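Note sheet for the following structure.
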Amino acid sequence: MKLILTSASVTFSRRLRPMRWITTCALMLAVVPCARADPTDAESIWRQRLQREASQAWEKYHNAIKSLQFAVRISSREQDKLTMLKRVEVNHIDDRIIVTVEQELPREQRGLRRTVVNPEYAFELELVRKQASWRLLRIIPGDQIEQLPLALDPKNALTYYRAAYVPFWAAIYDTLTHPNFSIKRVAYVDKAKGQRLRIEFEHTFHASSGDGTKQGWLLLDPDKYWVITEGEVSNDWAVSRARLEYKDTPNGFPLLQRIEKDTWYPQLEKQATAEWAFEYWEKGPVRGEEEFRLSYYGIPEPEELRGHKPTPWWLYILLAGLALVIVSFGIYAWRGHRRAAFA
């Protein structure tokens, strides 16, 4: 049977072509949103934002908060028994730092210690309450400070300035963008207090530290400097869960107020809790240079650490030349005297 196309059917076919284009475009528009909603693509976007935006936000946060002085009250409990209580106060001006630690518990460690850092050296003191005087514990030359492990670094109290974006409560002192972190999964989640970004990770310490690998997750707030609001970190012997509380300043800056951490030790079947409570204040009157030196505490400064500049090399040459002139003049005068004596 032959198919005969009449003029009417041809006209209808021509009118149908624009409709096919409209239908095709509609289908394409319907498919595009589905592609954008692909979780894999969303995760890729958040990974890129984490690398690109988070580091800049943390730097801005640090620059804003480092203008404040602060103190943190630290307590820990085991089986509901208070085992440690101390207060750490940090005052700093440029590259000069004073860290005062007042320990209340355990009782055998009660006392007041102070660590002072100046551009030339650092030193640690202990207050002898019976004598109301400071006792020198150690002195660290300035060129050796950076080589010390974190536990002995006199500037390690400054780590608290990074507590909003570094999980130090899990003994991790790197940011999430550090090579020691391996990001396993990134997802945007709904929380009661707003949207959060959940980062699942694995963190590997340097081999020399002996701390091995830790894994866990952190919740970040991308709308407020990418600060950490919650997290969980575990290793072979412990699982720690932390909650961080903030209070916004009048201009919307999130100041860290409190960290609460619960730790479970499965092998020991023991649980412990810890808390860090922060307080901040503006810088007070500028401390004098003398407060950052040993002499302020009634302790003589070591001769080799007074910061005297080495004698210039040209001075030695000048002195040697002067001595040579004096010796030459003496010999000349002596020979002249001998000639006069035999004349």
Side-chain angles (χ1 to χ4, degrees), residues 38-62 76 149-151 153 156 158-191 193-246 254 256 258-276:
D38 187 350
T40 305
D41 289 349
E43 180 173 358
S44 176
I45 291 173
W46 279 112
R47 283 176 178 268
Q48 293 174 16
R49 289 191 60 184
L50 176 66
Q51 293 293 330
R52 183 177 65 251
E53 299 177 22
S55 296
Q56 297 177 4
W58 295 331
E59 184 177 359
K60 291 179 180 178
Y61 187 96
H62 184 77
S76 62
L150 184 64
D153 188 343
N156 65 359
L158 297 180
T159 301
Y160 291 120
Y161 280 116
R162 308 169 68 227
Y165 56 90
V166 169
F168 83 95
W169 42 267
I172 297 176
Y173 302 95
D174 302 319
T175 62
L176 276 168
T177 54
H178 192 278
N180 285 347
F181 272 99
S182 174
I183 305 301
K184 300 301 183 182
R185 186 170 179 269
V186 179
Y188 208 47
V189 297
D190 290 323
K191 295 290 290 183
K193 295 184 179 180
Q195 302 290 323
R196 297 290 184 267
L197 193 66
R198 179 185 170 103
I199 311 291
E200 297 180 10
F201 66 87
E202 186 174 274
H203 182 271
T204 303
F205 288 89
H206 192 275
S208 60
S209 68
D211 288 327
T213 300
K214 294 182 178 180
Q215 52 278 327
W217 55 265
L218 297 172
L219 290 185
L220 276 62
D221 188 348
D223 296 328
K224 291 188 176 181
Y225 295 90
W226 295 73
V227 297
I228 300 171
T229 61
E230 194 175 343
E232 181 178 291
V233 179
S234 62
N235 55 19
D236 293 338
W237 59 86
V239 180
S240 296
R241 181 77 176 268
R243 297 164 297 280
L244 290 75
E245 299 178 8
Y246 297 86
L256 180 60
R258 187 183 308 276
I259 301 176
E260 296 178 348
K261 183 184 75 167
D262 297 320
T263 303
W264 171 249
Y265 302 92
Q267 298 177 359
L268 302 176
E269 295 187 353
K270 186 175 66 173
Q271 186 173 358
T273 61
E275 180 180 288
W276 294 261

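Along the sequence shown, the residues carry numbers beginning at 1. Being a predicted model, the structure only gives us computed values, none of them experimental. Only this structure's heavy atoms are used, side chains among them; waters, hydrogens and symmetry mates stay out.
Rounding to the nearest 0.5 Å gives a distance of 12.0 Å between CG of Leu219 and CZ of Arg243. One finds the CZ atom of Arg196 at 10.5 Å from the CG atom of Asp190 (value rounded to the nearest 0.5 Å).
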Let me check something: any side-chain donor-acceptor pairs from residues 269-276 under 3.5 Å, sequence neighbours excluded? List them with distances.
residue: Glu275; atom: OE2; partner: Arg258; partner atom: NH1; Å: 2.9

(request) Step by step, work out the side-chain contact (heavy atoms from CB on, under 4.5 Å) result for Ile199 and Val186. (result) CA-CA 5 Å; Ile199 311 291; Val186 179; 3.8 Å; yes
Check your understanding: Please walk me through it: do Val233 and Phe201 pass side-chain contact (heavy atoms from CB on, under 4.5 Å)?
Key -> CA-CA 9 Å; Val233 179; Phe201 66 87; 3.8 Å; yes
Evaluate Arg162 against Phe168 for side-chain contact (heavy atoms from CB on, under 4.5 Å), listing each step before the verdict. CA-CA 8 Å; Arg162 308 169 68 227; Phe168 83 95; over 6 Å; no
Full working for salt bridge (charged side-chain N to carboxylate O under 4.0 Å, His left out) between Arg241 and Glu232 | CA-CA 4 Å; Arg241 181 77 176 268; Glu232 181 178 291; 3.6 Å; yes
Next item on the list: Applying side-chain contact (heavy atoms from CB on, under 4.5 Å), run through His178 and His203 and close with a yes or a no.
Entry: CA-CA 9 Å; His178 192 278; His203 182 271; 5.7 Å; no
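Residues Asp221 and Gln195 come closest through the heavy atom pair OD1-O, 4.3 Å. Shortest non-hydrogen contact noted between Pro222 and Tyr188 is CG-CE1, 4.2 Å. Leu197 approaches Trp226 most closely through the heavy-atom pair CD2-CZ3, 3.5 Å. In terms of heavy atoms, Ala163 sits closest to Leu244 at O-CD2, 3.8 Å. Shortest non-hydrogen contact noted between Leu218 and Ile228 is CD1-CD1, 4.0 Å. Residues Gln267 and Asp236 approach most closely at NE2-O, 3.8 Å, considering heavy atoms.
The salt bridge (charged side-chain N to carboxylate O under 4.0 Å, His left out) test applied to Asp153 returns no partner, not counting sequence neighbours.
Within a 6.0 Å sphere centred on OH of Tyr265, other residues, nucleotides and ligands contribute 12 heavy atoms or fewer.
Looking at Trp58, Tyr246, Tyr165, Tyr61 one by one, the single match for ring-ring contact (aromatic ring centres under 6.0 Å, His included) with Tyr225 turns out to be Tyr61.
A salt bridge links Arg198 with Glu200: at least one charged nitrogen is closer than 4.0 Å to a carboxylate oxygen.
Between Arg47 and Glu43, the closest side-chain pair of non-hydrogen atoms falls below 4.5 Å. Contact annotation: the side chain of Thr175 never approaches that of Phe181 to less than 4.5 Å [non-hydrogen atoms, C-beta and beyond]. Side chains of Tyr160 and Leu256 form no contact here, defined as non-hydrogen atoms less than 4.5 Å apart.
Remark: the backbone N or O of Pro254 is not paired with any side-chain donor or acceptor of Lys224 at under 3.5 angstrom. For the pair Lys184 (side chain) and Gln215 (backbone), a donor-acceptor distance under 3.5 Å is absent.
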